[in-house]
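This report refers to the structure that appears directly beneath it.
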Amino acid sequence: QVQLVESGGGLVQAGGSLRLSCAASGRTFSAYAMGWFRQAPGKEREFVAAISRAEGSPYYADSVKGRFTIARDNAKNTVYLQMNSLKPEDTAVYYCAALRSILIHTRATAYEYWGQGTQVTVSS
């Protein structure tokens, strides 16, 4: 079992940056593909980015490509989401998720474990 705890959210002006972190418990973090999702009020949870368990093969939603970067440090059991050039439409609760798989997925239903979420608010 994996427990995930996100941190790093906050309030930032448009054009600014934030780095989210997701710390995972357990000794098998490197066996899990990791994803970031977000959910804005009144909207469905949507895929943001994912990274394979071998620290390669990142994949991004078109809406964040070129602005966000996902990375992981298996030695620290942590996955990161660097968010640059933030826009008001990026405002949402951001969740990290884990999937014990060699493959990454963009569907939220594929992921087994979820964090509690961290709020990101981008003001215009």
Can you see which heavy atom on [X] is nearest to which on [Y], and at what distance?
{"X": "Ala40", "Y": "Thr91", "value": "CB-O, 3.7 Å"}
{"X": "Ala33", "Y": "Leu103", "value": "CB-O, 3.4 Å"}
{"X": "Val48", "Y": "Val64", "value": "O-CG2, 3.5 Å"}
{"X": "Lys76", "Y": "Thr78", "value": "O-OG1, 2.8 Å"}
{"X": "Ala49", "Y": "Tyr60", "value": "CB-CD2, 3.6 Å"}
{"X": "Tyr113", "Y": "Leu4", "value": "O-CD1, 3.6 Å"}

To the nearest 0.5 Å, what is the distance between [atom1] ([X]) and [atom2] ([Y])?
{"X": "Leu86", "Y": "Phe68", "atom1": "CG", "atom2": "CZ", "answer": "5.0 Å"}
{"X": "Arg100", "Y": "Gln1", "atom1": "CZ", "atom2": "CD", "answer": "12.5 Å"}
{"X": "Ser7", "Y": "Leu20", "atom1": "OG", "atom2": "CG", "answer": "8.0 Å"}
{"X": "Cys96", "Y": "Arg72", "atom1": "SG", "atom2": "CZ", "answer": "11.0 Å"}

Quick one: are [X] and [Y] in side-chain contact, heavy atoms under 4.5 Å?
{"X": "Arg67", "Y": "Met83", "value": "no"}
{"X": "Ile70", "Y": "Val79", "value": "yes"}
{"X": "Val122", "Y": "Gln13", "value": "no"}
{"X": "Phe29", "Y": "Arg53", "value": "no"}
{"X": "His105", "Y": "Leu99", "value": "yes"}
{"X": "Tyr95", "Y": "Arg45", "value": "yes"}

(Q) How about CG on Leu11, more than 12 heavy atoms from neighbouring residues, nucleotides or ligands closer than 6.0 Å, or not? (A)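 More than 12 within 6.0 Å, yes.
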**Q.** Gln3, CD: over 12 other non-hydrogen atoms inside 6.0 angstrom
**A.**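 At most 12 heavy atoms, drawn from other residues, nucleotides or ligands, come within 6.0 Å of this atom.
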Q: Test salt bridge (charged side-chain N to carboxylate O under 4.0 Å, His left out) on Arg38 and Glu46 and set out the steps.
A: CA-CA 5 Å; Arg38 66 187 182 187; Glu46 66 172 354; 2.6 Å; yes
Q: Would you check if there is a donor-acceptor pair between the side chains of Asn84 and Ser17 at a distance under 3.5 Å?
A: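 Present: a donor and an acceptor within the cut-off.
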Q) Testing Leu81, Thr118, Asp90, Val120 for side-chain contact (heavy atoms from CB on, under 4.5 Å) with Leu18, which one passes? A)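 Of Leu81, Thr118, Asp90, Val120, side-chain contact (heavy atoms from CB on, under 4.5 Å) with Leu18 is met by Val120 alone.
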Q. Where the side chain of Glu6 meets the backbone of Gln116, is there a donor-acceptor pair that is under 3.5 Å apart?
A.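 It does hold such a pair.
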Q. Should the pair Arg19 and Tyr80 be classed as cation-pi, given the thresholds of under 6.0 Å to the six-membered ring centre and 45° from the axis?
A.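 Cation-pi check for Arg19 and Tyr80: passes.
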Q.
Does the plane of the ring in Tyr111 sit parallel, tilted or perpendicular to the ring in Phe37? Use 30° and 60° as the thresholds.
A.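 Answer is perpendicular, since the angle exceeds 60°.
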**Q.** N-O pairing of Asp62 and Lys65 below 4.0 Å
**A.**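 Counted as a salt bridge, because a side-chain N and a carboxylate O are separated by less than 4.0 Å.
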